[in-house]
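Notes follow once the structure below has been shown.
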Amino acid sequence: MSVNLETNMLTVSPSPHIRTEESIPKIMWNVNLAVAPAALFGIFYFGLPALITIAVSIISAVGTEYLIQKWQKKPVTINDGSACVTGLLLAMCLPPQIPFYMTAIGAFVAIAISKHTMGGLGFNIFNPAHIGRAILMASWPVAMTTWSANSLSKVDALTTATPLNILKQHGYDQLIQVFGSQSELYKALFLGTRNGSLGETSTILLLLGGLYLIYKGYIKWQVPVCMIGTVGLLTWIFGGSAGLFTGDPLFNMMAGGLFIGAFFMATDMVTVPITTKGQIIFAVGAGFITTLIRLKGGYPEGVCYSILLMNCVTPLIDRYVRPVRFGARR
Amino acid sequence: MNTSILILIVMTAIGLCFGLILAFGNKKLAIEMNPLIHIVEDALPKGQCGACGYAGCLAYAEAVVLDPDVPPNMCIPGKEKVAKIVAELTGKTAEAVEPRIAQVKCAGSHAKAVINYNYDGVQDCVAANLLLGGPKSCKYGCLGLATCVKNCPFDAMTMSPDGLPVIDPNKCTGCGKCETVCPRHVISMLNLKAHVRVNCNSKDKGPVAKKACTVACIGCSRCAKDCQYGAIKIENNLAVVDTHVCLEKCDNATCLAKCPTGAIKPAVFGIVPGTEGQESIDAICKVCAPEAKTTPPPAM
Amino acid sequence: MAEYFTLFMGAVIVNNFVLTRFLGLCIFFGISKNFSASVGMGMAVTSVMTLSSILAWVVYNYVLAPYNLTFLTTVVFVVLIASFVQLLEMIIKKHAPTLYGMWGIYLLLIATNCIVLGVPLINAESNFNFIKSVIYAIGSGVGFAVAIILMASLREKLQYADVPKPLQGLGIAFILAGMLALSFLGFSGMIPQ
Amino acid sequence: MSDAHVHAHEGQNDSLFKIALNLTLACFISGAIIAGTYAFTNPIAEKKMVQLKEDAMKDLVKDAETFQPVEGKDNWYVAVKGGEEIAYVVPGESKGYGGKIEMLVAVTPDGKVIDYNIIKMNETPGLGDKGAKEPFKTQFAGKAAEQLEVTKDPSNQENIQALTGATITSRAVTKGVRDAVEEVTEFTGVK
Amino acid sequence: MHKSFRGGVHPNDRKNYSADIPIELAPLPKKVVIPVSQHIGAPCTPLVKKGDAVKKGQLIAKSDAFVSSPVHASLSGTVVDVAEYPHPVSGRAQAIVIENDGLDEWVEGLPLERDWQKLSPEEMLKIVREAGIVGMGGATFPTHVKLAPPKEKKIDYLIINGAECEPYLTSDYRVMLEWTDRMVTGVQITMKILGVSKGFIGIEDNKQDAVQVLKKAFSGTNVDVVVLPTRYPQGAEKMLIKMLVDREVPSGGLPMDVGVVVQNVGTVVAICDAVTRGIPLIERVTTVSGLAVAQPKNLLLRVGTTFADVVELCGGLKEKPEKIVMGGPMMGMAQHTLEVPVIKGVSGILLLAKKEVNEGKEGPCIRCGRCVEACPMGVIPSMFSILGQQGRFVEAKEEYHVLDCCECGSCAYVCPAKRNIPHYVRLCKAQNAKAANK
Amino acid sequence: MSEKQSVWATFKYGVFEANPIFVLALSLCPALAVTSNIISALGMGFSVMFVITANNVVISIVRKWVNPKVRVPVYITSIATIVTLVQLILQAFFPTLYQELSIYLALIVVFAIILARAEVFASKNTVFPSFLDGFGMGVGFTGAMLLIAAIRELFGNGTLAGIQIFGSWYNPALVMILPPGGFITIGLLIALFNLIKQHRAKLRSQRGEA
Ligand SMILES: Cc1cc2nc3c(=O)[nH]c(=O)nc-3n(C[C@H](O)[C@H](O)[C@H](O)COP(=O)(O)O)c2cc1C
Ligand SMILES: Cc1cc2nc3c(=O)[nH]c(=O)nc-3n(C[C@H](O)[C@H](O)[C@H](O)COP(=O)(O)O)c2cc1C
Ligand SMILES: Cc1cc2nc3c(=O)[nH]c(=O)nc-3n(C[C@H](O)[C@H](O)[C@H](O)COP(=O)(O)O)c2cc1C
Ligand SMILES: Cc1cc2nc3c(=O)[nH]c(=O)nc-3n(C[C@H](O)[C@H](O)[C@H](O)CO)c2cc1C
Ligand code: SF4
Ligand code: SF4
Ligand code: SF4
Ligand code: SF4
Ligand code: FES
C-alpha cells in the first residue's frame, strides 16, 4: 500500500513535533468545572438571586469579550473559556442579592478595562474578576456589603451579616453567640451554611474543586497552602483580643473569601509570578495583606485587595526571582 | 512694622541671596553643553533608523557638530533638504545625497511562485528562512512574512494580499532598513530616478528558476543583448541594470518589451523614456498594484 | 513613637501621595516608562524633598510665621526650592560625578514639581514640628518611590503585551495607575484609632 | 530659533554681581506687586472671614442676634438673643474614616444639641460625606450627651441612626458632637 | 548519589515500535545523493565531476578548514550529477549523485586490518579525521575537533552518550546490543586518543537489556556503565555530564571546559571501524518509525539513500503522515519531501500520524510557567517567545540569556498555548549573531 | 488672511495638538485632584488660564533683560507672584472656592506647563503671540479639566455643577469620584483623543492621495 504525497502538501513546522495534550481551552474549562460545585451550592443556598447573578455575570463577561474582539477585528476566542472563568469567579465574589445591572457592569469592567485594554488573554496584569469586584465595591459599597435575608433563601434573619462582619463590628464573643457554639460556627463555615458572597461559603466544595485542579496539575499546591497558612498563622498570633497567640486561626482560614481566593485567584497564572518560588512569595504576601486588612483595615475582608496588591508586585517578583541558570557562574 | 515693607524686605533678601548663590555656583561649577547639537537634532527627521551609520539621530547630531570630518549629508531619509540645513548649521558644505527608494526584487506572489509546503512556524521571514530555507521553491524569493514591513521606521511598507511587500513611494525615505533586515536580500535601494529595474532575485539557472516561479528572470540575456549601451548584464543567471548608464544615455527603454517573463519593469518613480506620456507620482501609485501597465508578453 | 510611625506609614501607604492625593503625577507618568530611571527618581525625590522640607521648615517657622507673612509661603518656598535644587545639582555635578550620573538628570525635573513643593506646604499648613516635618517628608518620598517603582515595573511588563494602539503610552499608563489606586483602596480606613 | 541659544552664550561674560542683581530685581518687583495687592485685598479678606464665621454660626443658631467670644475658651462663642445666652457655638473634632473631621457644634446652655456644621473632613464623597448633610444631621437636634450613641437598629428612635455603609463616619461625627456637648455642660456646670 | 538536573519532561517514548527489531542490513539503493555538507563547519568542495567512476569509500569531497569533515562515496558506481538537491537541514544544497553499479567495490586498499594498539594517538586522530567521522548523536560536529582539545584543557573523563532520550529512536540501543565489541574497542581507542583513564557510559533505565550487555562487556575496565532515570533531555551532553560526574558546564562553555568529552555510541563504533579497518563513515544505523509507516525498522543505511527508498524498504506508508521528521520528534527537523537523502547525522526517520503530534494553533502565552518548570537550563522560555515575537533580540540575549538555551524543546512540548519557543530561540540567536557580525 | 490663520493656529495649538493634559501630559495633578466636580475644575481651569496667559505676557516683555543664568528662577518668581495674586484675590472674593482648591492653588506655581510655555514660547516671541499661546494652552487646559470633571461628576454623583441631572433612579458610581475612577477616566479619554487623531490622520491621507 502506498500513499501519494504529491497530491497534498506536507506541513513543516519547527521542533518539537510532539506536544502535550493540554491546551488553553482544556485548562480553562476544567477551572470552570472545578468552581462549579461551590457555585451550585451557592444557588442551592441563596436561591434564585444567586442564579441570576451567576448567569448575568457570565453572559456579560463572555458577551463583552465577544464584542470587543469583533470590534478590534481580532479572532474571537470566547470558546476558550477564560471569559467564562472570569464571569463565574466574579459572581462567586458578589453578594447574592446584588442588583443585576451592577453585576453586568462589574463583568464588563473586568473584561473590557482590566483584560482587553492590556491586550487580552495572557497580558492582563490584574486579576480581572477582582478588578471587577473592587470597582463595584468602590462604586456601590452599600449594595456590596448588604447581606439581607431573602425569603427564597435558607439564610435565617439572625445571620444577615457575614461572620467576618460580625467579628469586626461586634467581636468574637458575639460571633460565637450568633452561631451558638464554636463547633457550630466551624460547621457552618465548613459546610457553607452561613452568609457571605454567593460562592465563598462552602469551604468543603471549594477545597474539593481546588484539589481537583491540583490533581490535574493546573495549579500548584504550594500557593493555597502558603496563603491560607499565612493567614492562619498570623491571625492566631495577632488576631486575639486577649494578647498574642489567642486568635482563632481555624475560623479565620475558613471565613470570608480566603479559600476561593487562595485556590482560584492567587493561582490565576496570568497575574501571578511565573516561577514556583515567586508564587510562594506571592501567596505569603497575599496572606499577610489579607490579615493586615482584616485586623487593622477599614474592611472586614481583605482577600480581594491583597491579591490585587500582590498583582502589582508580580512584575517585581518576576524580575528578581528567577530559576538558577544552568552553568551560570556563581 | 508695616507688612508691605516687610514683604519687600523679605522678597528682596531672598532674591539677593539666591541670586548670589546661583551666580556664584554658575561661575564655579557650570559645564556647558554645545546647544547646537540639539538644534541639529531638531532638524533631523528623527526616524532613528541608523541609515547615517550612527546609533540614532542624536548620535549623528553630536558627531556632525563636534567632528569636523563628519559630512552633513549622512542622513539619507532627510534627503537634500536636511543635508542643506545641517550644512548651514554646522558651516560645512553639503554634497548632494543621491535620492533613493526601496525596491522589492521579487514578483513571486502566491499565484506565481511554487510553494513547497505549509509553513507553520514563527511568522517572521528570518525565522522561516532558518527552517529549511522557507516554504518557497525559489530560494531567492520573498518569503512574504513581512519582516521588512514591521521594521520600516517610516511606516512606508505594507503587505499586499498576494504576499509581497509594497513600498509607498511617498513615504519611503530610502533609509535602507528593510534592505538590512530581509534575510533573502530581496530588497535593495534604487536610484529614485532610475528607469527600469529587475523584478527578480533568482540566481538559479533558467530551467530551475522557471520551474519555481512563472515570473522569474531566467537569465536568457535578451534584455542584455537588446540594450545598445550595455547597461544590462547577466550575473549569476540574473539580469543586473547599471542605472547610471541608463540615466546618462538611454532615451528609449526597449528592454522592457524584450523580457519573456516580464521580470524587467519600469522603476517605481522613474520616468521611463519611450513610453508615451510621463508618469506622474499619482499614476505610478497604480503601478504598485499587481500587474503593471506593461503586461508581460506570453512566455517564450 | 507610635504617632510618628503612623504618620510615616500613612504617608507611605494609606494616603499615598501619588495614588490618593495626586501630587507629583507629571514625573510619576513621565519617568515610569523605565524601571531603573524610576528607582533613581524615587531616591532623588525622597532626598531632595527631605532636605527642602528642612529648609522650608526653618524659613517658615523663623521668618514667615513670626511676622505674619504666611501668604508669602508660596513665593518664598518655590524660589527657595528651585534655587536649592539648582545649587544641589551644581554641587553634585562637581563633587560627586558618579552620583550625578545617576541622579543628575532627575534633579532639574524635580525642581518644579508638585510633590516637592506640596509636602513643605502641607507641613507648614499642618503646623508640624520639626521631627514630624522630616518624618512626613521622608514618608511622602518613600510613598512616591513605592508608587513609581511599582508603576514602572508594571509598565515594563506591559511592553510585552499587545496593548491596543490608541491606548499605548499614556492612556494605558493612566489605566494602570487607576488599578494601582484601586488596589491601594484596600488600605483605606487603616488608620489606627 | 538659534537666537535664544546664541543669547545663552553671551551670558557667560556677565559679572557675578550683575547676575545676582537680575534675580534680586525680579524678587523686588514681585514683592512690590504682592505688597500692593495684599494691602488692597487683606482688609476685604479679613472682613469676609469674619462675615463667613458669623454666617456659619447664624446658620446654626438661627434666632441669635449677636455672638460673643467666650472668655478663657479659644474659639468659643456664645449666642445672645435679647441679652439672653441662648446657645454656645463650640468647635468639635474627631477621627473619621478618612482622617480628621472638624466641626462647629451649637449647644444649648443646658446641654442639648441644636445643630452642627462640618467644617473640614476627608470622608468618601457620596458615603461618609452624608454625615455633613440632612437627614443625618436632623437626628441630632434636641438630643443630650447620653443619647448621642450610634445604632444600626432601624426601630431605635432614641439614639442616632447610622448612615448605611458609613458606620465609621457616623460614629465619628456623633462622638465629635458628644464631646462638644460634654465640654459645654462641663463649662456651664448644668446638672 | 548522582546530582539530578532540573526540569525535563516525560513524553511517551514509543520505543516499543522498533526496539526489538534487530538492525537490518538495507539492500543497496539504485542511486545515492550525497550532500557535500553533512556536518557543522566549513562545507567541502567536490573532487569528482559528472561521469567519473567512483568506488565505495573513495574520497569525493573535502575541505582544508580544520572544523570540517571529508565526504566519501558510499557506493561504487558513476557520478551522474553534481548539483543542488534537497537537503534535510538546509533545504537545498550541493550534492553528488552516484548511480549504483551493483558491484559494491571497495576503493583500493580497503578494508584493511591493523592493530590499533600499535598506533599513536596522533596517528589515530588523523585516521578519524580522514574517515570523515562526525558526531552521530545528531549534532554532526566533526569528531576530530572534539578529540583534539587545546593543550591547556585537561580532559579527565570520556563520557559515552547512550541515553538516547528522544522518543521513538532505538538506533543507539540496537548498536549497543548488537555491536558491543566494536563499541568496547571504540571506547578504548577514543580514551587513548584523549589520554584519559576513566570513562562513563550513561544509559536511561528504559534500556535495561543494553545495560546488562554493556555492564558485562565493560566489566574489569575503567569504564563505568551508569543507569540514569528516563527523562528527556537526559542525553543532552550538559545534563549527562551533570548526572555522571556532577560538573556543570559553564554558561557559554564547552564540555572540555570541565574536563569532559562526550561521544555518542554510534560515533565510537565509527571510530573503531576507521581505526581498526580503515573504513570511512559511509553508513549508519537509522530508526524508521511512527504510526504512518507500515513496518518500523532499524536499518543500516548507506549515506545518501533517499528517504523515499527507505520508506519503500519499510513497506511504504500506512496512512498520510502528518509530519515527516529527520531525527527525533523533540529536536528533529520536519521534511516536506521524501527526496531528501540520509546524511551522517540521521538517527531516525519518523513518519508521524496525526494522532501522534497534538499540533494546535499558537495562542498567546498565559504565563502558566510550565515551560519554566520544564526547562533544564533554568532560563525563562516564555520570554524568548514574547521577545522574539516583538523583535527584542538584544534583550532576549542580555537579560534572559537566550544563548544558554539548548533548543531541547521541552518548553514547547509542555506549553498549553503551543508556542513555538525553540523557533523563537533560533530566531533570537540568529539575529544576535547577525548583529555581532556587523 | 495668513496673519489670521497663524493667529488661529497659535491658539489652536494649545487647545488640540498640544493639549497640556491629553497630549503633553503636563500638569496632571490638578486634572485628578480637583476634577471631582465641575465647579472646582472650572475654578482651577480659569486660575491656570489666567496665570499662564499673564505669565506669558510678562515673560515676553521682560525676556530681553533676563540673564540666562537665572532665567529659571526669574520665571518662577514671576509665576509665583502671579499665583500669589490669584490666591489673594480668591481669598478676598471667593473664600469658599479658595478653600476647595486648597493646596493645589499654590501648586499652580510648579505646573510644568506654565514654565514650559515660558521657556519654549514666551521667551522667544513677542507679546501678542505669547498671549495667544498662553491663552490657547489655558483654554486647552480648562477644556480638558471641564471634560474630565463633567464625566466624573455626572457618573459619580449624578449631577453637573451641583444640579441633579439623572433622576433619583440613578445610583451614582462612587468610584468615579474616587482616585481610581479619575485615573481610568483620563486614560480612556486619552485613548479617545488618540482614536480621533488617528481617524483624522487617516481621512487626511485619504484626501491627500485622492
Ligand atoms: C471606597 C470606599 C469608601 C468608603 N468610605 C467610607 C466613609 O467615608 N465612611 C465610612 O464610614 N465608611 C466608608 N466605607 C465603608 C467602610 O469600609 C465600612 O464598610 C463601613 O463603614 C461599615 O459600615 P456598615 O456597617 O454600615 O456597612 C467606604 C468603603 C469603600 C469601599
Ligand atoms: C563552534 C563550536 C566549537 C566547538 N569546539 C569544540 C571543542 O573545541 N572541543 C570539543 O570537545 N567540542 C567542541 N564543540 C562541540 C560541542 O561541545 C558539542 O559536542 C557539539 O556541538 C554537539 O553537541 P550537541 O549535540 O549537544 O549540540 C564545538 C561546537 C561548536 C558549535
Ligand atoms: C536536548 C538534547 C538532547 C540530546 N539527546 C541525545 C541523545 O539522546 N543521544 C545522543 O547520543 N546525543 C544526544 N544529544 C547530543 C549530545 O548533546 C552530544 O552532542 C552528543 O552526545 C555528542 O556526541 P557525538 O559528537 O558523538 O554525537 C542531545 C543534545 C541535546 C541538545
Ligand atoms: C487556575 C486558574 C485560575 C484563574 N483565576 C482567575 C481569576 O481569579 N480571575 C479571572 O478573571 N480569571 C481567572 N482565570 C482565567 C484566566 O486566567 C483569566 O481570564 C485571565 O486572567 C485573563 O487574561 C483563571 C484561570 C486558571 C487556569
Ligand atoms: S524567481 Fe524571482 S520573482 Fe520568482 S519567487 Fe524567485 S525571486 Fe521571486
Ligand atoms: S522582502 Fe524580505 S523581509 Fe520582506 S517579506 Fe519578503 S522576505 Fe520578508
Ligand atoms: S521602505 Fe525601506 S528604505 Fe524605505 S523607508 Fe522603509 S525601511 Fe527605509
Ligand atoms: S508554557 Fe507556554 S503558555 Fe505557559 S508560560 Fe510557557 S510559553 Fe507561556
Ligand atoms: S502637576 Fe505636574 S507634578 Fe503635579
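Any value given below was found using the heavy atoms of this structure, including those in side chains, with hydrogens, waters and symmetry copies removed.
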Return the minimal non-hydrogen interatomic distance between [X] and [Y], and the atom names on each side.
X: A:Arg19; Y: E:Arg419; result: NH1-O, 3.5 Å
X: E:Val372; Y: A:Thr275; result: CG1-CG2, 4.0 Å
X: E:Gly369; Y: A:Ile274; result: CA-CG1, 3.5 Å
X: A:Glu21; Y: E:Asn358; result: CG-ND2, 3.3 Å
X: A:Thr11; Y: E:Lys323; result: O-CG, 4.1 Å
X: E:Ile366; Y: A:Met269; result: O-CG, 3.2 Å

Answer with side chain, backbone, both or neither: which region of [X] has an atom nearer than 4.5 Å to a non-hydrogen atom of chain E?
X: A:Asn124; value: neither
X: A:Lys26; value: neither
X: A:Pro25; value: neither
X: A:Leu121; value: both

**OP:** Please step through side chain to side chain contact (heavy atoms under 4.5 Å, CB included) for the pair E:Met377 and A:Arg325, ending with a clear verdict.
**Re:** CA-CA 6 Å; E:Met377 297 304 291; A:Arg325 219 154 25 91; 6.0 Å; no

Donor-acceptor pair, [X] side chain versus [Y] backbone, under 3.5 Å?
X: E:Lys418; Y: A:Ile24; value: no
X: A:Glu22; Y: E:Pro416; value: no
X: E:His423; Y: A:Ser15; value: no

Original post:
So, do E:Arg6 and A:Pro323 sit near enough that their side-chain heavy atoms are less than 4.5 Å apart?
Top reply: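 Touching, per the 4.5 Å side-chain cut-off.
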
Subject >> Sub-4.5 Å side-chain heavy-atom contact between E:Leu352 and A:His17 >> reply: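 The answer is yes, as the side chains (C-beta and beyond) meet within the 4.5 Å cut-off.
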
Part of [X] within contact of chain A (heavy atom distance under 4.5 Å):
X: E:Val414; value: both
X: E:Pro11; value: side chain
X: E:Ser382; value: side chain
X: E:Pro167; value: side chain
X: E:Cys408; value: neither
X: E:Asn420; value: both
X: E:Cys368; value: both

Quick one: which of [options] has the most heavy-atom pairs under 4.5 Å with chain A, could you say?
options: E:Gly363, E:Gly332, E:Cys365; value: E:Gly332
options: E:Cys411, E:Gly409, E:Ala294; value: E:Gly409
options: E:Lys238, E:Arg247, E:His401; value: E:His401

Heavy-atom count around [X] [atom1] within 6.0 Å, excluding the residue itself: above 12?
X: A:Tyr66; atom1: OH; answer: no
X: A:Gln72; atom1: CD; answer: yes
X: E:Lys354; atom1: NZ; answer: no

**OP:** Would you tell me whether A:Thr314 and E:Arg367 have side-chain atoms, one donor and one acceptor, within less than 3.5 Å of each other?
**Re:**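 E:Arg367 and A:Thr314 do not have a side-chain donor-acceptor pair below 3.5 Å.
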
Original post:
Under 3.5 Å, is there a donor-acceptor pair linking the side chains of E:Glu373 and A:Thr276?
Top reply: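 E:Glu373 vs A:Thr276: donor-acceptor pair found between side chains.
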
**OP:** Show your reasoning for whether side chain to side chain contact (heavy atoms under 4.5 Å, CB included) applies to A:Leu10 and E:Glu322.
**Re:** CA-CA 7 Å; A:Leu10 282 165; E:Glu322 177 74 8; over 6 Å; no

**OP:** Could you go through the side chain to side chain contact (heavy atoms under 4.5 Å, CB included) check for A:Tyr218 and E:Arg370 one step at a time?
**Re:** CA-CA 9 Å; A:Tyr218 297 152; E:Arg370 283 158 183 256; 3.3 Å; yes

**OP:** Please round to the nearest 0.5 Å and tell me the distance separating atom OH of E:Tyr232 and atom CD1 of A:Ile18.
**Re:**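 It is 9.0 Å, given to the nearest 0.5 Å.
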
Original post:
Between atom CE of A:Met9 and atom NE2 of E:His336, what is the distance when rounded to the nearest 0.5 Å?
Top reply: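 The CE atom of A:Met9 sits 11.0 Å away from the NE2 atom of E:His336.
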
Original post:
Under the side chain to side chain contact (heavy atoms under 4.5 Å, CB included) criterion, do E:Asp404 and A:Phe326 qualify, and how do the steps go?
Top reply: CA-CA 8 Å; E:Asp404 277 1; A:Phe326 188 95; over 6 Å; no

